[in-house]
*Asks:* 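I'd like to ask some things about the structure below.
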Amino acid sequence: MSAATTSRAGAPRTARRAPWPGRAGHGFVAAYVLLLIAFGVVPTVYALYFAFTSVDNRFSGLSNFATAARDFRYLPAVGHVALYLVFWLASLVVFVVALALLLHRLSARGVSKALRFLYYIPGALAGAASVMVWLFLLDPTVSPASFLLRALGYDTFGQVVAPGHLPILFTLIAFWTGAGGWIVVMFGALNNIPHDIIEAARIDGAGAWQTARRIQIPLLRKWIVYMTILAFAGGTQLFVEPQLLAQASVGVAGRDYSLNQLSYDFAFQNNDVNTAAAISVELLVIGLVVAALFVARSGFFDAD
Amino acid sequence: MPTDTRGGAATAPFAAAAGSAPADRVHPRRAAPRRLPNPLAAAVLALFLVFFVLPVLWLVLAATKSDDQLVHGNPLSFGSWHALRANWDALTGYQGDAIFQWLRNSALYSFFALVITLCVAIPAGYALAMTEFRGRRTLLIATLVVMLMPNATLVVPLFLEINAVHLIGSMWSIILPYSFYPFGVYLTYIYFNTAVPRDLLDAARLDGCSEFGTFRRVALPLAAPIVALVGFFSFVANWTNYFLPYVLLPQSDQFPVQVGLGTLLDDVPQFNPTVGTLAVQRPELALATLLAITPVLVVFLFSQRYLVAGMLAGSTKD
Amino acid sequence: MKAKFSAVGAVARGRGRRAGVLAAGSVLALAAVAACGGNGNSGGGSGAANGFKPAAQTGGTLTVWVDSTRLAAAQLYQKQHPEVKMDIVTYDGDANGSNYLQTKVSLFNRTRGGWPDVVFSSQNNETSWAVPAGFTAPLNKGLIPQSTLAGWATGANDPCTVNGTLYCLRNDLSQTVLWYNQKLMKQWAYQVPTTWEQYQALGQKVATEHPGYLVGDAGDTFAPEIYLWAGKCGANQITGPKAVTVNTTSANCTKMATLLDTLIKNKTISLSSVFSSDFDKNNADKILMLPGPAWYGGALFQGTFKTPAGQVAVAPMPQWSGDTTPSVGNVGGGTWLLSAHSADLKAATAFLTWVTTADDYQGKLAPGYPAFAAAAKTWLAGQASSGYYAGDIAAPLQAAANQVWSGWGYGQFSQEAIWAATVSPGLNAGKSLVSLLPAWQSAIVNYAHSDGYQVSTS
């Protein structure tokens, strides 16, 4: 924000915040805090409680974590998720920012707007809605992209969903549904960079690349950090995509693929909420560590 | 005294960027405005256009085919109006008019949740970004922690909680959890944090506005883009939510359309070989999917109008 | 005092530490709250219902959960019995491993209320969790007379029986038979094989004389149930409520696997799922024979493949020559469960009995082969009168209904999911089934272990 303000003012700001009694802030957040406690904090704390207790509600230390780690699906799932994260994070950060910048540079407003809409459409196709799409898309016999699949040497659905391809497939699916929304967010953020800054840079001779690298991307920093934190946590919690592909392939690909799926299995197949919670807590901790790193590095929480 | 450092420090990256760019590389040739689209950029945009749209186009066409045509015809061919009609009739005949019931339910849940979300998240994000109060940082952290928690295990506590307040079976058992939308709070927080100059608020305050008055008269009018954004994402998140209503709702006539789609999917023999003969055909499922996503797309188009450029710049230009 | 130099590393690091401490602090505080708020739910369903104690019989609405295929049954009952107050709920019938029923019941067990009275499930293994969870009522201890129960096909209710107590009723059977195209058989002057040896020989003949035609399919997750179950391969011998014997490398298993490998190699057995677009497009009109369950006739040949009437016929499953005890496999078939918590056991039992035995539904409306033998007769007569099939389908189906090999059970783990995840990718990658049998074995053992089973491997 401050970039916008100062540039306009052209000189260091002198405006000082009026003394700001805490009451008002509390008033503004009161309703949110209520919902946060009811539907965020209490269930999370409950889950933490589950993770450290046994079925009969006795404190059980780390034994639930041990149960999870001993499961034969645990280590493979860790590997799967780690590999997927690499593809997912890289593709999301690079392509979303790049596409938002490209769209933002389009001089034809109408085209940019239409493209953002078209890029977004898959975002509406969540969960069950897209099972059918992927079943057909990945089957060389009936796929509209069959030329591509055949060019890659795959003639049957079974070959396409071979275990080695899964990280790429999940990345494709997740990117297809998720990127459009983030592009809209980034585009909106780019809009908030005042025109005159970009214009000034251009007059000074900065090309598109330099404008992006030196002005736009730094000013998008908080948005990118936010996206990365959520994308990382979302990636570690990989669930929808493998579940979807498992459904489309009737179980051949994607079952028991990720840690979160394992957690679901424990919770709803084995009725073992405690071990499920242990896995969730592990994912939470990983997400938090990464979030804390990013938050610390970026000044994300600063009210400036 | 935090105030003064604030402006200066956060500007630093920008100042450096803006200052060094022209100093480092001066390309006078580039100074002329270029209006022709860069062919490489155009190619990238077009490639992604195909990637995002082709499957959707296929889905739209699938709804116009018979199940036979779907398998044997060209993937990107139009079936027939007749087949579309037949699919429509079959779909609307499924379990009475279940599909419309599902859509109504989804609309109801999403709309109420949307209203509550906006009333709750916008002020909260605003306060987190623009005011200083005790517990602000804790609140930000708690929000983030809660957001990062995988929801597999949250369902059980949520169910117990909702049961404890005797809301099982009520539509509020869905609407209230939907209304808790930390993602939106953060969006608002970052928006006010990065896009709305604090001088404006200070000016208003000096003019004698109350805290609430400042929010209502100054911040809220500037918040149109973020209201649109949060509203849109909240609506979509609720509209497409599957697991929560799936677990919480006891009656099938309360199901929203996503759960309904799951039911339909499980009636398609290709996904569930055990269904026998009274099955749903895949083109009907495609049509149902299109019906289910239409509201999301309409809301997107509607909210996109408010995400236009210059709204903010115009209001603060001096 | 909060430093705001966002880009300065040192400060940022300091802030990170503080954030961490704060986070930890708040977690602790929250944990304290939880300790107070943790209402002592008594770990729902930990005690299995040994002696069945019915809930207070207060009557009220009869809540019935069905999948959409079985919706017709519940609606018909309501129409015939308008005096019964029914609440019919459709759910996905636990298909695709959604575990809806199990999830809901475990939640209901925690809140001690909300259970449905009667439930249909499209899975046969529900007792594996529903009995320990105390959800199902014992049916053969006074609720349903033995004379009625005797009317089910032999072994049909095996999946419902735990230690001699019956906990559910089988809806339909999916015994396997040999589906074949009578027109092609006659045209090419082939004999319908009665032994697996003849079956394999015919497959080899077809490969050379009519390449492209199929004698079977092994691309589905239920392939092991069609071939290996019928071949008495002991991959899934459920010997007790939490005990299983797994031996996928026995002679019976390798014999059948070798047969499959031979025919997969000469391409007379396809590796595409019979429900895939690939199969529909390229193989559906090239089926000479197709071993498979009873429902293949209506769902596949008539519904999906649209094979013309008068071609599809049924023969008994081939057997190994010299085997005197014919055996077939089974692919699916749902079950009905009665809630032990029902407040109106009488009404619930009446509905349960009607829906599983009545000719009006099972005989005339049901899409699958009824598990109740008398209804099956009516059902078969209806199928015959449709004129779709070539020749008599009733005799082989009825015979097969009583020949399902009892050595294959229903554990909590899904054999189909295990096959799909471990064997299918290998087959697709060109490995032989025989070489995959050990991997299949260890996968079954692993899954059984994590579901708490005692596993024996000999």
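To find a chain, count down the sequence lines: A is the first, B the second, and so on, and within it residues start at 1.
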*Asks:* Taking the side chain as every heavy atom from C-beta outward, state whether B:F48 and B:V44 have any pair of such atoms under 4.5 Å apart.
*Replies:* yes
*Asks:* Taking only residues two or more places apart in sequence or in another chain, which ones pass side chain to side chain contact (heavy atoms under 4.5 Å, CB included) with A:V33?
*Replies:* A:V29, A:I37, B:L139
*Asks:* Quick check for you: among A:L259, A:L101, A:I279, A:L230, which has the greatest number of heavy-atom pairs under 4.5 Å with chain B?
*Replies:* A:L230
*Asks:* Which atoms form the tightest heavy-atom contact between A:I193 and A:Q216, and what is the distance?
*Replies:* CD1-CA, 3.9 Å
*Asks:* Give, as side chain, backbone, both or neither, the part of A:L135 having an atom under 4.5 angstrom from any heavy atom of chain B.
*Replies:* side chain
*Asks:* With a 4.5 angstrom heavy-atom cut-off, is it the side chain or the backbone of B:V185 that approaches chain A, or both, or neither?
*Replies:* side chain
*Asks:* Let me know if A:L115 has heavy atoms under 4.5 Å from chain B in its side chain, its backbone, both or neither.
*Replies:* side chain
*Asks:* Side chain, backbone, both or neither: which part of A:I121 has an atom under 4.5 Å from a heavy atom of chain B?
*Replies:* both
*Asks:* Determine the interplanar angle of the A:F239 and A:Y264 rings, folded into 0 to 90°, and report it as parallel if under 30°, tilted if 30 to 60°, perpendicular if over 60°.
*Replies:* parallel
*Asks:* So what's closer than 4.5 Å to chain B heavy atoms on A:A189: side chain, backbone, both or neither?
*Replies:* neither
*Asks:* Measuring heavy-atom distances to chain B, does A:S146 have an atom under 4.5 Å in its side chain, in its backbone, in both, or in neither?
*Replies:* neither
*Asks:* List in chain and number order the residues that pass side chain to side chain donor-acceptor pair (under 3.5 Å) with A:E282, two or more places apart in sequence or in another chain; answer none if no residue qualifies.
*Replies:* A:Y74
*Asks:* Relative to chain B, which segment of A:F175 carries a heavy atom at a distance below 4.5 Å: side chain, backbone, both, or neither?
*Replies:* both
